[in-house]
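What follows is a single structure, written as structure tokens, with notes after it.
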Amino acid sequence: MNLQVFNRLSREKEAFQPLVEGQVKMYVCGPTVYDHAHLGHAKTYVAFDVIVRYLRYAGYQVRYVQNITDVGHLLDTGEDRILKKAGALSIEPMAVVETYTRSYFDDMDALGVVRPDISPRASGHVPEQIAMTQSLIKKKHAYVTSSGDVYFDVTSFPEYGKLSGQNLDELIGGMRVEVAKGKRHSADFALWRHAEPEHLMQWDSPWGRGFPGWHIECSAMSARYLGETFDIHGGGLENRFPHNECEIAQSEALNGKPFARYWLLTGSLTVDGVKMSKSLGNFVTIKDALKTYRPEALRLFILSSHYSSPVDYSKAALEAAQSGWERLMGAVRLTRYMLQDAPDGDAAAGFEMVLDEHKTRFMTAMDDDFNAPAALGVLYDLNREVNTLLNSGEAVGRPILDAIEQAYLELGGGILGIIPAEVNETGMDSARQDGLIQILIEMRNEARAHKDFAAADNIRTRLADLGVMLEDRPDGTVYKVQ
RNA sequence: GCAGAUGUAGCGUAACGGCUAGCGCAGCGGUCUGCAAAACUGUAUGGUCAUGGGUUCGAGUCCCAUGCAUCUGCACCA
């Protein structure tokens, strides 16, 4: 275990050394829950899922916090995303939040993403955000305008821009949105906004009725659950500026100590080279993708490029991932098939060495900034070794078969989340269905024995039409369900 | 304009400065099979690693320059 991570803050690969030995405190920017999640979200959260899984596998005790943004995230027009959706559907804003929060967790569960330990909602932490804003005002890092808005004063934090490499003077030129009234510097950002009476989500504050700005929630909630300084801050690269930059400014200006020690940001999911996003309309929801592809195949597709790189979505790429997954599962299925009738004893015990070697290579890849695509390559290498062994015709003892299955479950299952533990892959092959298929296999093999290949092929074809694929092996016929 | 990223076989992607540049998908053969499927294996002298220099015993990797293409952010987004 010699984990190196690429820290976006230092722009260098660094040895990973958590603040407290053996413990990792990690915060990842979560979704704004105003619509169903799409594959872009899947990319980010699957990537961090594997990071968390690996850290835990490596023995760290991880506290993983991922927020749910349900207030304060405004559109260019100044409208709140949640309120806009609530208006469109004519329902309570909190009903919108509830609907899409559940939808989000449903999607993540379906993708096998392990839930965060804490999923705090912004609307449930308004007092914390107000308190933080008050302290920032007291320390003269923020000011109140005549209309009841509170802005962070970016000139009071000289390091502003250090994460994204932005320069205050140059920022002004590229601005697309009109500078709000009352701001001293165009780069100042809102900690608190006053609300008009008809605004549906508003709270009392020292500055009148209003609601928190978007950036403050992450600072307030990470401080509450992880402390003022914590180990890993994750999120999508597109949030580096302004969001992540503002988080750093607020927290470090207030606490006078480092905010997050390692910044791990994910590359975007693109479609034909362009980022998948709501506004461009080029998105595919996770629910839709799961109608066509297995969750493991989606994960494999996402993990086939490094978390910090972009990955381009296409039908061909997803189908390639699904084929690759089938390839891995072929060996897993074969291992499990042979385990049903495996001899005791140490036949093929030498394979233990091959397993160890590949495990080591796998870990080396993951230690190198969570290089899942490289680790996946090792898994494919191992897969070939396993296939060669299991098809060699030589006896393979139960201990080795157990060790092989264990390796798949550990690396492919536990860490990457693409190898399911159950033999049952589809939920379709109940005992009864299995029995029915076995009867057909027996009938077909009788026909084959009588060289009645027309009848035999008829059974095989018709089963294939139903998605049941037969494979004849020297030691019998096996099937898989598509 | 400013900040940053990427460019490696048909496609998708890897490679602490060090074996013949790896893996997957797709194509075409071979072995196996009654035929398939799966698997293994071979093959396309399958790769001028964007271009041109430099450092080095050694460069896809480090440095400089160039131009092309594409992408991301610039106060909207995971």
Side-chain angles (χ1 to χ4, degrees), chain A residues 4 8 11 13 28-32 37-45 47-48 69 73-77 81 161 164-167 169-177 179-180 186-190 214-215 234-243 245-246 265-270 273-280 300-301 304-306 308-312 314 316-317 319-328 330-331 333-334 364-365 368 371 373-381 383-384 386-388 390-392 448 451 453 456-457 460-461 464 469-474 478 480:
Chain A
Q4 305 269 319
R8 279 279 166 184
R11 285 158 223 209
K13 212 178 262 187
V28 172
C29 289
T32 301
H38 56 67
L39 290 177
H41 301 97
K43 157 125 166 69
T44 296
Y45 299 120
F48 284 108
T69 297
H73 196 172
L74 306 185
L75 294 158
D76 268 355
T77 56
R81 292 164 191 278
S164 54
Q166 304 286 327
N167 172 317
D169 301 328
E170 285 159 356
L171 278 174
I172 303 159
M175 290 194 55
R176 285 176 302 174
V177 178
V179 178
S186 58
D188 289 351
F189 55 91
W214 173 39
H215 312 302
L237 188 56
E238 69 281 344
N239 266 340
R240 186 172 47 155
F241 189 87
H243 181 64
E245 199 69 69
C246 295
L265 302 178
T266 57
S268 302
L269 184 105
T270 56
V274 184
K275 192 176 75 169
M276 180 178 283
S277 72
K278 283 271 153 56
S279 48
L280 292 175
L300 196 148
F301 159 68
S304 69
S305 82
H306 192 255
S308 62
S309 304
V311 60
D312 200 61
S314 69
E319 277 168 5
Q322 184 122 316
S323 297
W325 181 77
E326 290 286 353
R327 180 181 175 73
L328 291 174
R333 201 181 287 115
L334 184 54
T364 303
D368 184 14
N371 194 336
L376 209 46
V378 176
L379 203 57
Y380 280 119
D381 285 341
N383 206 64
R384 183 169 46 250
V386 169
N387 274 323
T388 301
L390 299 190
N391 289 306
S392 66
R448 291 173 71 209
K451 306 237 184 267
F453 296 120
D457 288 351
R460 183 171 64 190
T461 307
M469 316 303 287
L470 300 189
E471 293 174 18
D472 296 325
R473 295 180 48 77
V478 296
K480 65 175 175 181

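So that the names make sense, note that chain A is the first sequence line, chain B the second, and so on, each numbered from 1.
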N/O contacts under 3.5 Å, protein versus nucleotides 12-14 of chain B?
unit_1	atom_1	unit_2	atom_2	d
B:rU13	O2'	A:S304	O	3.0
B:rA14	OP1	A:H306	N	2.8
B:rA14	O3'	A:N371	ND2	3.2

Check the distance between [N]'s [atom2] and [X]'s [atom1] and give it to me in whole angstrom.
X      : N      : atom1 : atom2 : answer
A:R448 : B:rA37 : CZ    : P     : 14 Å
A:L376 : B:rC23 : CG    : P     : 13 Å
A:L269 : B:rA78 : CG    : P     : 14 Å
A:K43  : B:rU72 : NZ    : P     : 14 Å
A:K13  : B:rA15 : NZ    : P     : 7 Å
A:N391 : B:rU33 : CG    : P     : 13 Å
A:N383 : B:rC25 : CG    : C1'   : 14 Å
A:E471 : B:rU33 : CD    : C1'   : 12 Å

Polar side-chain contact A:R460-B:rC35 base: donor and acceptor under 3.5 Å:
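In this structure, the two groups form a donor-acceptor pair.
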
Polar pair under 3.5 Å, donor/acceptor by atom type, side chain A:D472, base B:rC35
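Checked by distance alone, the answer is yes.
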
5'-most by nearest nucleotide on RNA chain B - A:F453 or A:M469:
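The residue mapped nearer the 5' terminus is A:F453.
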
If you assign A:P474 and A:H41 each to the RNA chain B nucleotide with the nearest heavy atom, which residue ends up on the more 5' nucleotide?
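Result: A:P474.
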
So, does A:E245 use its side chain to make a donor-acceptor pair with the main chain of A:G161 at under 3.5 Å?
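Present.
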
Just by distance, do the side chain of A:T266 and the backbone of A:G235 share a donor-acceptor pair under 3.5 Å?
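Looks like yes, one N/O pair under 3.5 Å.
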
According to the Watson-Crick and G-U wobble definitions, with both distances under 3.5 Å, which nucleotide is paired to [N]?
N      : answer
B:rU43 : B:rG27
B:rC35 : none
B:rU66 : B:rA50
B:rA3  : B:rU72
B:rG22 : B:rU13
B:rU55 : none

Across the strands shown, which category fits [X] at heavy-atom distances under 4.0 angstrom: base, sugar-phosphate, nothing?
X      : result
A:G161 : nothing
A:L470 : base
A:G40  : base
A:T270 : nothing

Please determine, for the side chain of [X], which listed nucleotide ([options]) has the closest atom?
X      : options                : value
A:R384 : B:rG34, B:rC74, B:rC23 : B:rC23
A:K275 : B:rU41, B:rA78, B:rG4  : B:rA78
A:E238 : B:rA26, B:rU72, B:rG34 : B:rU72
A:Y380 : B:rG24, B:rC74, B:rC40 : B:rG24
A:D457 : B:rC25, B:rA78, B:rG34 : B:rG34
A:F241 : B:rC25, B:rA78, B:rC74 : B:rC74

Under 4.0 Å between a side-chain N/O of [X] and OP1 or OP2 of [N], yes or no?
X      : N      : value
A:R240 : B:rA3  : no
A:N387 : B:rC40 : yes
A:R327 : B:rG24 : yes
A:T32  : B:rA78 : yes

For nucleotides [N] and [M], find the distance between their [atom1] atoms and express it as a whole number of Å.
N      : M      : atom1 : answer
B:rC2  : B:rA75 : C1'   : 14 Å
B:rG67 : B:rU20 : P     : 37 Å
B:rU8  : B:rU13 : P     : 9 Å
B:rG7  : B:rA50 : C1'   : 6 Å
B:rC23 : B:rC63 : C1'   : 31 Å
B:rA9  : B:rC71 : C1'   : 23 Å
B:rU61 : B:rG1  : P     : 28 Å
B:rG58 : B:rA21 : C1'   : 15 Å

At what distance, to the nearest 0.5 angstrom, does [atom1] of [X] lie from [atom2] of [Y]?
X      : Y      : atom1 : atom2 : answer
A:N387 : A:L328 : CG    : CG    : 9.5 Å
A:E319 : A:E326 : CD    : CD    : 12.0 Å
A:N383 : A:T388 : CG    : OG1   : 9.5 Å
A:S164 : A:N239 : OG    : CG    : 11.5 Å

Less than 4.5 Å apart, any side-chain heavy atom of A:R240 and any of A:L237?
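Contact flag for A:R240/A:L237 side chains = yes.
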
Can you tell me how the ring of A:H215 sits relative to the ring of A:H243, calling it parallel under 30°, perpendicular over 60° and tilted otherwise?
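The arrangement is tilted - the two ring planes meet at 30° to 60°.
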
So, A:F189 and B:rA75: ring centres less than 5.5 Å apart, planes less than 30° off, yes or no?
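No; centroid distance or tilt outside limits.
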
Contacts under 3.5 Å, N or O only, protein and nucleotides 68-70 of chain B:
none

